[in-house]
Amino acid sequence: MENYCEWKEGCLLVHMPKELDHHQAGLIRAEADLIIDTCRVQTLVFDFKKTEFMDSSGIGVIIGRSRKMSYQGGRVVAQNLNQRMEKIFVVSGLHKMIEKENS
Amino acid sequence: MENYCEWKEGCLLVHMPKELDHHQAGLIRAEADLIIDTCRVQTLVFDFKKTEFMDSSGIGVIIGRSRKMSYQGGRVVAQNLNQRMEKIFVVSGLHKMIEKENS
Amino acid sequence: MTQRNEMRLEFDARSMNEGFARTAVAAFIMELNPTLDEVADVKTAVSEAVTNAIIHGYDNPQEKVVLTCSVEGTAVELTVEDRGKGIEDVARAMEPFYTTRPELERSGMGFAFMEAFMDDVRVTSSPGKGTTVWMRKNLGNPKVADTYE
Amino acid sequence: MTQRNEMRLEFDARSMNEGFARTAVAAFIMELNPTLDEVADVKTAVSEAVTNAIIHGYDNPQEKVVLTCSVEGTAVELTVEDRGKGIEDVARAMEPFYTTRPELERSGMGFAFMEAFMDDVRVTSSPGKGTTVWMRKNLGNPKVADTYE
Ligand SMILES: Nc1ncnc2c1ncn2[C@@H]1O[C@H](COP(=O)(O)OP(=O)(O)O)[C@@H](O)[C@H]1O
Ligand SMILES: Nc1ncnc2c1ncn2[C@@H]1O[C@H](COP(=O)(O)OP(=O)(O)O)[C@@H](O)[C@H]1O
């Protein structure tokens with residue numbers, strides 16, 4: 001495990017990698033789901049501080065986790081999007097589905 | 001011209017590029033020779049501050065300019081070599097031919 | 001800088017090569033002096049097409065993906081080709097959100113991303129034979145996606 | 001990390017592609033977690049072989065250089081191939097300081113650098129047909145050149 005995830009008092013913080021593609025998406029999915037399935041996550045935060053590249057595989061991993069959270073009634077937040085990530089969020093429509101925030 | 005060269009009171013300072021290969025070597029050679037052939041260069045300084053990569057084409061351009069300088073009786077110095085450049089100097093034998101200095 | 005220059009890259013259909021393919025293309029188009037955003041656009045499109053070849057085109061990671069890239073003037077042309085399963089209905093496959101692999105959490109946005117970030121995208125495919133994606137982008141021309149907001 | 005992975009890269013014999021070829025190889029070997037110095041060693045050897053193909057092998061920049069790279073376990077294997085002029089006497093060409101292009105300020109150190117930075121270098125060539133340089137390096141093994149001083 002690469003340790004993308006940080007778990008603290010009901011909040012799951014996912015540190016998104018520098019380059020988020022299909023290869024990385026699988027690793028994040030596995031690690032995050034382990035926690036979402038076993039702990040009571042109230043807030044899920046995707047942190048993009050380090051992220052410089054993301055393709056549509058990243059969209060898949062975000063939508064997938066958000067769907068899981070909506071079943072159990074939690075909040076999903078994306079934070080620290082740089083300009084490129086903002087663009088990806090707009091092009092993909094994610095900006096209408098996920099709350100954005102700057103930490 | 002890319003402006004590798006800085007000319008000041010008898011001293012020609014050549015700023016070596018980040019990656020010094022055959023492609024770059026030709027450009028440096030053209031620019032330096034213009035000055036060596038027209039001005040009275042007493043000291044020729046190769047500055048490697050920015051240089052992270054150099055192959056044997058770099059050796060060629062350094063030896064070529066040094067030879068010109070030795071005809072006209074000037075001094076040749078290499079400065080700010082990082083560890084990698086030190087290694088290249090040793091492997092190529094340049095360290096026995098050129099004075100080293102840290103500015 | 002306006003002379004034509006081209007390369008052809010062939011590599012194993014492994015997901016770790018997605019990053020490699022992007023980096024190679026980014027390095028190759030540097031001679032056009034692209035903006036950071038243009039580089040990111042091209043990398044994204046390459047990533048989509050290469051990922052598709054790896055996960056939809058093939059089952060076996062030892063099969064080969066072929067990528068070509070040429071630059072001429074201010075334009076970049078790319079092809080990404082596999083000799084894998086092919087696509088039955090290309091028009092449908094290109095619809096946003098259409099995916100045949102929801103279990104892999106594919107978003108169905110791959111072709112949509114290619115179209116958003118490149119100027120022109122064309123797909124030819126034949127079932128059982130493979131798929132070729134051809135893409136083109138003129139650098140130095142702001143595109144719709146850049147003024148999307 | 002020990003699975004075999006390979007790529008093949010073909011590009012125009014232009015000097016601007018020397019940097020591209022180095023970058024592509026560096027990106028490809030990243031999965032072996034090389035040290036910075038190992039990456040620099042491999043890049044240097046690639047640069048030498050590719051430059052030779054471009055300036056000694058060919059006269060025409062539209063001819064193609066072919067580079068292959070494979071990783072397996074901790075080893076990198078590379079070939080750089082041209083279908084150009086070839087070398088009459090390979091043993092002599094590999095002697096340090098031997099060059100046929102002194103007017104281009106070639107130092108004659110190209111093969112010497114490949115040998116210093118890789119574990120094994122083999123050259124096959126036939127006049128009029130072309131040249132292939134095969135190189136191998138085991139990463140994680142400090143080499144003579146590293147303890148030269
Ligand atoms: N190279 C390919 N080989 C076979 N099928 C493909 C290929 N590329 C795309 N497809 C098909 O087109 C569909 C849509 O592709 P895309 O828009 O990239 O979305 P996604 O990759 O998220 O499924 C895929 O689900 C797949 O069925
Ligand atoms: N790919 C090649 N095709 C033809 N000749 C070559 C090739 N590579 C090397 N040579 C010959 O071998 C000589 C020595 O090569 P090298 O040690 O790299 O030194 P340099 O490139 O500085 O001349 C070259 O000068 C050239 O005559």
Side-chain angles (χ1 to χ4, degrees), chain B residues 2 4 14 16-34 36-37 44 46 48 50-71 76 78 81-98 100, chain D residues 12-23 25-26 35-57 61 65 94 96-99 101-118 142-149:
Chain B
E2 282 250 4
Y4 298 102
V14 185
M16 301 301 248
K18 198 168 162 216
E19 305 233 325
L20 208 181
D21 60 8
H22 156 245
H23 185 60
Q24 294 282 338
L27 305 172
I28 296 169
R29 175 190 186 178
E31 203 180 307
D33 281 1
L34 203 65
I36 297 174
D37 293 343
L44 170 59
F46 292 109
F48 290 87
K50 285 187 305 194
T51 309
E52 292 165 12
F53 176 87
M54 180 168 94
D55 67 14
S56 75
S57 310
I59 312 297
V61 86
I62 294 168
I63 293 181
R65 307 291 78 58
S66 303
R67 200 165 288 156
K68 280 199 157 212
M69 289 295 291
S70 76
Y71 297 145
V76 181
L81 305 175
N82 69 12
Q83 237 187 324
R84 179 76 198 168
M85 288 310 115
E86 289 279 2
K87 183 167 165 180
I88 298 284
F89 266 59
V90 170
V91 171
S92 65
L94 265 191
H95 68 309
K96 291 186 198 137
M97 303 163 56
I98 310 248
K100 282 185 294 177
Chain D
D12 289 359
R14 293 179 195 281
S15 64
M16 63 176 65
N17 290 336
E18 293 156 10
F20 160 63
R22 290 196 295 274
T23 306
V25 169
T35 65
L36 280 181
D37 214 47
E38 285 167 340
V39 175
D41 286 352
V42 173
K43 282 174 81 173
T44 309
V46 167
S47 199
E48 299 299 347
V50 168
T51 301
N52 278 355
I54 292 173
I55 59 177
H56 301 302
V65 180
M94 292 182 79
F97 308 113
Y98 175 82
T99 181
R101 305 294 301 267
E103 81 286 5
L104 292 181
E105 296 197 333
R106 302 305 299 163
S107 61
M109 297 284 298
F111 284 124
F113 267 42
M114 294 180 230
E115 293 192 306
F117 295 123
M118 301 294 283
K143 244 218 85 181
V144 182
D146 294 310
T147 50
Y148 217 90
E149 290 153 284

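More than 12 heavy-atom neighbours from other residues, nucleotides or ligands sit within 6.0 angstrom of CD on D:Glu103.
D:Glu18 places a side-chain N or O within donor-acceptor distance of the main-chain N or O of B:His23, the cut-off being under 3.5 Å.
B:His22 places none of its side-chain heavy atoms less than 4.5 Å from the side chain of D:Ser47. Using a 4.5 Å heavy-atom threshold, the side chains of B:Ile63 and D:Glu105 count as separate. Looking only at side-chain heavy atoms (C-beta outward), D:Val39 and B:Phe53 stay at 4.5 Å or farther from each other.
Only the side chain of D:Ile55 has a heavy atom closer than 4.5 Å to any heavy atom of chain B. Looking at D:Thr51, the atoms closer than 4.5 Å to chain B (heavy atoms on both sides) all sit in the side chain, from C-beta outward. Using a 4.5 Å cut-off between heavy atoms, B:Arg67 does not touch chain D at all. Contact annotation for D:Arg14: neither backbone nor side-chain heavy atoms come within less than 4.5 Å of a heavy atom of chain B. For D:Ala112, no part lies under 4.5 angstrom from a heavy atom of chain B.
When all heavy atoms are compared, the tightest approach of D:Ser107 to B:Ser56 is OG-O, 3.3 Å. Between B:Asp55 and D:Phe113 the shortest heavy-atom distance is C-CE2, 4.0 Å. The two residues B:Ser57 and D:Arg106 make their nearest non-hydrogen contact at OG-NH1, 3.1 Å. Closest of all the heavy-atom pairs between D:Gly19 and B:Asp21 is N-OD2, 3.9 Å.
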| task | Please test D:Asp41 against B:Lys87 for salt bridge (Lys or Arg N to Asp or Glu O under 4.0 Å), starting from the C-alpha separation and ending with a verdict. | result | CA-CA 10 Å; D:Asp41 286 352; B:Lys87 183 167 165 180; 3.2 Å; yes
| From CA spacing to verdict: side-chain contact (heavy atoms from CB on, under 4.5 Å), B:Leu94, D:Met109 | CA-CA 11 Å; B:Leu94 265 191; D:Met109 297 284 298; over 6 Å; no
| task | Could you walk me through whether B:Glu52 and D:Lys43 pass salt bridge (Lys or Arg N to Asp or Glu O under 4.0 Å), step by step? | result | CA-CA 11 Å; B:Glu52 292 165 12; D:Lys43 282 174 81 173; over 6 Å; no
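In this structure, the separation between CD1 on B:Ile88 and CZ on D:Phe117 is 3.5 Å, given to the nearest 0.5 Å.
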